[in-house]
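What you see is a predicted model; the values in this text were computed from it and never measured.
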Amino acid sequence: MNAWLLAACVLLPAGMAPCLWRACRGGPAQRLTGMAMGGVVCVAVFLLTARGLHRPSYNDLALVTAVLAPAGTLVFARLLAGGEGPPPRPADPGRQGRRRDEWT
């Protein structure tokens, strides 16, 4: 075990424990912060592990996580804000009063 793997082993519980605590407890804004910080800690652990194992190809996992973690945070923020999606489209006036089989 080298210093890189030791740092990853220390960062994983020390960094993820507060993030998980914040993501599971507290208000919605604090949960969002815990989730965002958990993504940052995961990327750091993946980079340290790749360096410690001398596998540069493992950096791709950290890169994909770094790209997808903010996207997950944005989805959570959208749900947190109560976004219901786009407003419904108005009905087509030409189709009102006709049966479905008469639409063609």
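- Sorted by first and then second residue, the pairs that involve residues 14-38 and meet side-chain hydrogen bond (donor to acceptor under 3.5 Å, both in side chains), not counting sequence neighbours, are R22-Q30.
- The line from CG of L79 to CG of L74 is 11.0 Å long, rounded to the nearest 0.5 Å.
- Evaluation of the side-chain hydrogen bond (donor to acceptor under 3.5 Å, both in side chains) test over residues 53-67, restricted to residues two or more places apart or in two chains, returns none.
- In this structure, A62 and F46 approach most closely via the heavy-atom pair CB-CB, 3.8 Å.
- Contact detail for N2 and L5: the closest heavy-atom pair is OD1-N, 3.0 Å.
- Smallest separation of non-hydrogen atoms from T49 and A8: OG1-CB, 3.8 Å.
- For the residue pair A69 and G39, the shortest heavy atom distance occurs at CB-CA, 4.1 Å.
- Between P13 and C9, the shortest heavy-atom distance links the atoms CD-O, 2.9 Å.
- Hydrophobic cluster membership is shared by L53 and M1, with clusters built from Ile, Leu, Val, Met, Phe, Trp and Tyr side chains linked at under 4.5 angstrom.
- L12 shares a hydrophobic cluster with W4, L11, M16, V41, V45, L48; the chain of contacts runs through ILVMFWY side chains whose heavy atoms sit under 4.5 Å apart.
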